[in-house]
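Contents: one structure, followed by commentary.
Counting convention: from 1, in listed order, for ligands and their atoms alike. Just so you know, these numbers come straight off a predicted model, no measurement behind them.
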Amino acid sequence: MSYDSNKVDRLSELISSFVCHASSHLPDDVNTRLAQMREVETEGFAPAIYNVMAKNMEMADELGRPSCQDTGIPQFFVRVGTGWPFLNEIEPSLIEAIKKATVRAPLRHNAVEVFDEYNTGSNIGHKVPWIDWELVQDSDELELFFYMAGGGCSLPGMAKVLMPLEGYDGIARAVFDQMTTYGVNACPPGLVGIGIAGSAEVAAKLSKKALLRPVGSHNPNLKAAQMEKDIEEGLNSIGLGPGGFGGRMSVMGVNIEQAARHPATLAVGMSTACWAHRRAGIRIHPDMSYDFFTHKGVTL
Ligand code: SF4
């Protein structure tokens, strides 16, 4: 692939700063939600755990260091306008940005090559960083979401295809089975993303995209929004609490995304984010000015 190395330098510098900031600062919506949840928990270990989380974030900011030792597998979700002028430069810039951020942040080396079983030592590997692409008509902007997919928060993930007669109860059952078995691994309180579709891979991908939506937002379909509220209420009753030490609330929220399904299948996918939900979104214009919309007021 041919690309302009000067443009790759400019873009990768900006994206590397964006990644470094995301590694040590939670997005605004997550900070707001954690502060609200901290108010609700008054008994047992829960208040102390929330205090430790707040102190952890304060120190990450003060020391300019990642907020968790597990900086995850780097994942980018790209929405690129058909009028964006530097299409060839995006992928090399993302790879270069991760190389730079791995040294600067620093990010723990997490890319282990499957079958060859060695750690690449750079967070670059076969299809890592993971890049998901979407084209946007009539736009000349590049919108990027960056997500650090940690080990613990990825563990409860699953996708399966149900018989349609299992219905929406079957979807809820699959989510509750996972959360009551593996939810504690995802350092609660996390965000639960659910994808509903006709096949496993679409449901899985949608469940991850659901995690990119703000905490507290709701699906525009009223029935889906109701299901988000019902599952959230149910998951809060399982009592995981912050850090899994017990408490009144176990999740920050539940986000559902859906695609029309095949008449004979009902697929469910689930992805979980932990309390340190390091998800960051930026919109970059062709002149390289930007809007860091998940972390307001931050200059990179
Ligand atoms: S689940 Fe999240 S907070 Fe817990 S160790 Fe993994 S990345 Fe860190």
- prompt: Of the backbone and side-chain N, O or S atoms of C68, does one lie nearer to atom 2 (Fe) of ligand 1 than 2.8 Å?
  reply: no
- prompt: M148: heavy atom below 4.0 Å from ligand 1, yes or no?
  reply: no
- prompt: Does the side chain of S93 come under 3.5 Å of the side chain of S12 through a donor N or O and an acceptor N or O?
  reply: no
- line: When distances are taken from atom 2 (Fe) of ligand 1, the protein heavy atom at minimum range is C274 SG, 2.3 Å
field: Within the 6.0 Å centroid threshold, strictly below: F292 and H295
entry: yes
- prompt: Heavy-atom contact under 4.0 Å between G72 and ligand 1?
  reply: no
- prompt: Can you find a side-chain donor-acceptor pair between T102 and N123 that sits under 3.5 Å?
  reply: yes
- prompt: Can you list the ligand 1 atoms lying under 4.0 Å from a non-hydrogen atom of Q69?
  reply: 5 (S)
- request: Return the residue, atom name and 0.1 Å-rounded distance of the protein heavy atom closest to atom 7 (S) of ligand 1.
  value: R278 NH2, 2.9 Å
- request: Quick one: look up the protein heavy atom nearest atom 4 (Fe) of ligand 1 and list residue, atom name and how far away it is.
  value: C187 SG, 2.4 Å
task: List every atom of ligand 1 that sits less than 4.0 Å from any heavy atom of W275, numbering the atoms from 1 in the order shown and giving each element.
output: 3 (S)
- prompt: Can a cation-pi geometry be assigned to R283 and Y290, taking NZ or CZ under 6.0 Å from the six-membered ring centre and within 45° of the ring axis?
  reply: no
message: Can a donor-acceptor pair be found, under 3.5 Å and without considering hydrogens, that links the side chain of N119 to the backbone of H109?
response: yes
message: I want to confirm something. Looking only at heavy atoms, which of A276, A149, P66, C153 is nearest to atom 1 (S) of ligand 1?
response: C153
message: Would the distance check show the side chain of T71 and the main-chain N or O of R108 forming a donor-acceptor pair, the cut-off being under 3.5 Å?
response: yes
- request: Tell me whether the centres of the aromatic rings in F245 and F45 are closer together than 6.0 Å.
  value: yes
